[in-house]
Asks: 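Just passing along the structure, written as structure tokens.
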Amino acid sequence: KLDIATKPSRFSAISALTQHIQKLALQTASLMQNQKQLVNAVSHELRTPLARLKFALAMLAPKDPQQVHAMNQDVVEMELLIDEMLSYARLEFSEREMTKEHVNLSELVQEQIDKSAATSRKQITQAVEPNIIVNGNEHYLARVLQNLLQNAEKYGDKQIFIELRALHQGEVILSICDDGPGIPIDKRNNVFSPFTRLDTSRSKETGGFGLGLAIVAKILGWHSGKCWIEDSQFGGAAFTVTLPTIQKLKT
Ligand code: ADP
């Protein structure tokens, strides 16, 4: 216990406290550095044997193409899981390195819709208000949009509706609605936790590891944003995101 109330001991107590805080800061920095090193090491340790396995399978392919194809699928699946897990683990220390600037969210949303539409098998409709500016990181905000659009594509049936609208109170609201099975009310918070997947048989067919929404929640947290789930007008899920806005440019 440090006593900084009485004068004689005040300076030595403050100096001890400063040293203590400096030591803690150094320990924390080294821990974060170690975590980064750990993630990179794990990444390398896991990928190298998988690459070797893939090479060995390619050599065996002419002998038993069917069997090798099935095994190759397993390896590809494992690679995907490693990528997802590492990308989630990296997020833990990415916030420190993340820079923010003015981002035209309307353009970013439009860009991501156009990308999805290029490969989508759904009917996509949209109502995107132009020139909505937020303070954020374009790369990570794009990730949020990709994850939500990919889910609408994976779990939806025939149609997706995307709306972006500025609210009066310096906030923007984004809704991504689909016509899939929706999410039961009592599961709506759970799906934002890592590795949570509903109805595994259904989810299995669609692929994925239950990290997409955990990533969305983390990135939105960095941007003082929120995300929640409602029923969509088509009977599926409506993912609604709010973010603080900077300003609206004059058109
Ligand atoms: P993944 O899609 O890889 O499983 P997510 O974290 O993106 O991981 O989603 C978690 C779970 O939430 C999914 O497995 C699925 O059960 C459910 N889910 C997510 N988006 C939707 C949606 N649009 N409609 C219905 N269920 C969804």
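Both counts, for ligands and for their atoms, begin at 1 and track the order of listing.
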Asks: Nearest heavy atom to atom 12 (O) of ligand 1: which of V191, N151, N190 does it belong to?
Replies: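 Closest candidate by heavy-atom distance is V191.
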Asks: Heavy atom under 4.0 Å from ligand 1: found in L213's side chain, backbone, both, or neither?
Replies: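 Answer for L213: both.
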Asks: Testing the basics here: between R143 and S87, what is the closest heavy-atom pair and its distance to 0.1 Å?
Replies: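 For R143 and S87, the tightest heavy-atom pair comes out as NH2-OG, 3.0 Å.
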Asks: Taking only heavy atoms of G182 into account, list the atoms of ligand 1 that are under 4.0 Å away from them.
Replies: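 Reading through ligand 1 atom by atom, the close ones are 25 (C).
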Asks: Taking all non-hydrogen atoms of both residues, which atom of P49 and which atom of H44 are closest, and how far apart?
Replies: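 Closest heavy-atom pair between P49 and H44: CD-O, 4.4 Å.
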Asks: For the side chain of R188 and the backbone of I183, is there at least one donor-acceptor N/O pair under 3.5 Å apart?
Replies: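 Pair found, side chain donor or acceptor close to backbone of I183.
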Asks: Which of the atoms in ligand 1, numbered in the order shown and given with their element, are less than 4.0 Å from a heavy-atom of F239?
Replies: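 Per the distance check, 20 (N), 21 (C), 22 (C), 23 (N).
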Asks: One residue to check: L211. Relative to ligand 1, which of side chain, backbone, both or neither has a non-hydrogen atom less than 4.0 Å away?
Replies: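 The answer is the backbone.
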Asks: So which atom in P244 and which in S224 form the shortest heavy-atom distance, rounded to 0.1 Å?
Replies: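 Heavy atoms only, the tightest pair is CD-O, 3.6 Å.
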Asks: Would G212 count as being in polar contact with ligand 1, using the rule that some N or O on each side must be under 3.5 angstrom apart?
Replies: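 N/O-N/O distance under 3.5 Å: yes.
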Asks: Considering the heavy atoms of T196, write down every atom of ligand 1 situated less than 4.0 Å from one of them.
Replies: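 Numbered from 1, ligand 1 contributes 10 (C), 11 (C).
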Asks: Counting only nitrogen or oxygen atoms and a 3.5 angstrom limit, does L198 reach ligand 1?
Replies: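 Yes; the residue has a nitrogen or oxygen that sits under 3.5 Å from a nitrogen or oxygen of the ligand.
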Asks: Side chains of K218 and E95: does their closest heavy-atom pair fall under 4.5 Å?
Replies: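 Heavy-atom side-chain distance check fails, nothing below 4.5 Å.
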Asks: Tell me if a side-chain donor or acceptor on S106 pairs with a main-chain N or O of E129 at a distance below 3.5 Å.
Replies: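 Yes; judged by distance alone, with no hydrogens or angles, the pair exists.
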Asks: May I ask you to list the atoms of ligand 1 that are less than 4.0 angstrom from any heavy atom of F209?
Replies: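 Close to F209: 3 (O).
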Asks: Keeping the roles fixed (side chain from D179, backbone from D157), state whether a donor-acceptor pair exists under 3.5 Å.
Replies: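 Present.
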Asks: When you check the gap from the basic side-chain N to the acidic O, do E79 and K54 get nearer than 4.0 Å?
Replies: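 Salt bridge flag = yes for K54 with E79.
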Asks: What do you reckon, does G210 have a nitrogen or oxygen under 3.5 Å from a nitrogen or oxygen of ligand 1?
Replies: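 There is such a contact, yes.
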Asks: Report yes or no: does K154 have a heavy atom closer than 4.0 Å to ligand 1?
Replies: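 In this structure, K154 qualifies as a contact of ligand 1 - some heavy atom is under 4.0 Å.
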